[in-house]
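Please read the structure below before turning to the comments.
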Number of protein chains: 2
Amino acid sequence: MAGSEKKTELTRAEQKKATRRKLIETTIAIIATDGLSGVTLAKVAELAGLSRGICNYHFRTKDQLLLETFQTVYREHERAWKNALADQRMPPIHRLKRFIRVLLLPPVADFNKVAVWLAFWGEATNRRNYLYLCTAMDQDFENEVAAVLGEIGPPRNGSSGMDLGAVAVALTGMIDGFWVQYLIAPGRLSPEHAISACLAYLSRFYPEFCDTDSA
Amino acid sequence: MAGSEKKTELTRAEQKKATRRKLIETTIAIIATDGLSGVTLAKVAELAGLSRGICNYHFRTKDQLLLETFQTVYREHERAWKNALADQRMPPIHRLKRFIRVLLLPPVADFNKVAVWLAFWGEATNRRNYLYLCTAMDQDFENEVAAVLGEIGPPRNGSSGMDLGAVAVALTGMIDGFWVQYLIAPGRLSPEHAISACLAYLSRFYPEFCDTDSA
DNA sequence: TGCCACTGAATGAACGTATAGTCAACAAAA
DNA sequence: TTTTGTTGACTATACGTTCATTCAGTGGCA
């Protein structure tokens, strides 16, 4: 359909992998435009320019296709934020700022990808596999944030009763919430304001975030 | 099935209303346990202890049932937070604190209700009616928060570039995000910490939130 | 190098199931 | 008697899954 002729000398194994990837990417696009309930094996196949049985060939069931789609988004996301925190030569404050920026700006905070996250969150309560992934990712996420905050020092929590872990979980939640905003009210919250909001929050516990520049 | 005999001298109109309400409540429960995709007219009818055709009688289509279910949750929610802001005799800071508490504690921050929000957010991008409601609610929400903040004064934004509107949108997003946390990682973020996080954020722009007691 | 048997990715018709929506019949309230 | 909330069998169809079939790519063999 979409004139994508890929007759460019690929081995069978490469072709197969490419087809798998294409099916997953098509699924992501459909979730973003039509929602999770809009995903139909026939629709995926058609939009990928392939035949009806193809999804069942590469992924045994529809559920498997959806799960692998989610895992793909999840892993891309994970790579991005882990990378932002990785460079140990930078001071922790700088790393955490980069982390926040990466998560709230494109390409991570991309409409399609965020739509996939929300779609799976909505179904996470019942699909054990989805919930497991969501929870595990969030746990991991939160642990690493807590670790970086720990490098800076203990939070100056006033009388809020929030320890390091609580500060980290809430930051995680904030970022999730800003993604929700991006989707249900596009344009109302700019990425720059979302980032500023995170820093404003952190500055209550770590005054060193209370600064002017952002990098 | 569930021994709920309501033969207590109700007029037909009252009975009808009660049945409608019951169908909606059953739908909410199913969304919370099985997700939006788990909602089946037959399942709703069975769990409500009624017959197969009943949903189509009270709501012409399944879509209509879902839409009214969403509206019900939406209106309950709206009543709760508008009420928290209503008492003009209280100082704005006090009202806003009450507002935050109401949104992040039961009965508003109830598992079933939050599950419904998430489910509809997930489908909101494609279903116009849902998106319209989500966006409208969020707009309204944000306007009222901005109004209360305005009563306190302009935000001390340092160099963050956030005006009153931006502070309000981000607060809205944070609250949405904490709900997401409640669902995908139950128990990890306590309501009290969520509330403290909101106040920590606000204290950056309005130092008067930076206090000890919470009411 | 050229031929050919084999592999396996891809096809698409066919099938079974799940489920939304219809409707004629019923019984209790008005 | 009329109205109407409710029933449950029935219809239509959308969709996931299966499978016999096709045929390009691959690798062994002469």
Side-chain angles (χ1 to χ4, degrees), chain A residues 1-2 4-27 30-31 33-69 119 123 126-127 129, chain B residues 1-27 30-31 33-69 123 126-127 129:
Chain A
M1 291 279 156
S4 57
E5 297 301 323
K6 295 190 168 180
K7 303 298 170 191
T8 41
E9 297 295 331
L10 291 176
T11 68
R12 284 191 146 193
E14 287 169 331
Q15 252 307 346
K16 187 175 187 178
K17 232 178 152 184
T19 301
R20 267 184 81 94
R21 201 166 33 240
K22 181 159 202 183
L23 290 174
I24 287 177
E25 268 157 28
T26 305
T27 304
I30 295 176
I31 290 174
T33 56
D34 303 341
L36 204 51
S37 67
V39 177
T40 285
L41 295 191
K43 210 193 277 183
V44 173
E46 196 196 353
L47 263 109
L50 294 164
S51 65
R52 274 190 80 92
I54 196 65
C55 292
N56 290 109
Y57 176 72
H58 287 277
F59 312 90
R60 277 204 323 98
T61 64
K62 184 186 180 183
D63 248 46
Q64 192 60 26
L65 166 62
L66 290 177
L67 190 61
E68 292 200 29
T69 299
E123 290 288 286
N126 62 96
R127 308 251 192 161
N129 286 333
Chain B
M1 291 278 156
S4 57
E5 297 300 323
K6 293 191 171 182
K7 304 298 171 192
T8 41
E9 296 295 331
L10 290 175
T11 67
R12 283 196 138 191
E14 287 169 332
Q15 252 306 346
K16 188 174 187 180
K17 234 177 148 182
T19 302
R20 267 183 80 95
R21 200 166 35 239
K22 180 158 203 183
L23 291 173
I24 286 176
E25 268 157 27
T26 305
T27 304
I30 295 175
I31 290 174
T33 55
D34 302 340
L36 206 51
S37 67
V39 176
T40 284
L41 295 190
K43 211 192 278 183
V44 173
E46 196 197 353
L47 263 110
L50 293 164
S51 65
R52 294 195 103 90
I54 198 66
C55 292
N56 286 299
Y57 176 72
H58 287 279
F59 313 90
R60 278 204 321 98
T61 64
K62 184 187 179 183
D63 247 48
Q64 191 61 27
L65 165 63
L66 291 176
L67 190 60
E68 293 200 29
T69 299
E123 289 288 286
N126 60 94
R127 308 247 193 162
N129 285 333

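Letters A, B, ... mirror the listed sequences (proteins, then strands); counts begin at 1. FYI, side chains are in, hydrogens and waters are out, and symmetry mates aren't considered; it's all heavy atoms of this structure.
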**Item:** Contact letters for nucleotides 17-30 of chain C, in which S counts primed atoms plus P, OP1 and OP2 and B counts the base, heavy atoms under 4.0 Å
**Value:** --SSBB-----BSS

**Prompt:** Rounded to the Å, how far apart are B/L50 CG and D/dT4 P?
**Reply:** 20 Å

**Request:** Please identify each residue that fulfils side chain to side chain donor-acceptor pair (under 3.5 Å) with A/E25, with sequence neighbours left out.
**Result:** none

**Residue pair A/V44, A/I54: steps toward the side chain to side chain contact (heavy atoms under 4.5 Å, CB included) verdict** = CA-CA 9 Å; A/V44 173; A/I54 196 65; over 6 Å; no

**Message:** In this structure, how many angstroms lie between the P atom of D/dT6 and the NZ atom of B/K22, rounded?
**Reply:** 11 Å

**Asked** Restricting to pairs with a member in residues 33-45 of chain A, which pass salt bridge (charged side-chain N to carboxylate O under 4.0 Å, His left out), not counting sequence neighbours?
**Response** A/D34-A/K43

**Message:** In whole Å, I'd like the distance from the CD1 atom of A/I54 to the C1' atom of C/dA10.
**Reply:** 5 Å

**Prompt:** Can you name the residues that form a side chain to side chain donor-acceptor pair (under 3.5 Å) with B/S37, not counting sequence neighbours?
**Reply:** A/E123

**Asked** Starting at NZ of A/K16 and ending at C1' of D/dG25, how long is that distance when rounded to a whole Å?
**Response** 14 Å

**Message:** Can you pull out every salt bridge (charged side-chain N to carboxylate O under 4.0 Å, His left out) where at least one residue sits in residues 53-65 of chain B? Sequence neighbours excluded, please.
**Reply:** B/D63-B/R127

**Asked** B/E46 has an atom CD; how far is it from atom C1' of D/dT6, in whole Å?
**Response** 17 Å

**Request:** Return the set of residues passing side chain to side chain donor-acceptor pair (under 3.5 Å) with B/T33 (not counting sequence neighbours), or none when no residue passes.
**Result:** none

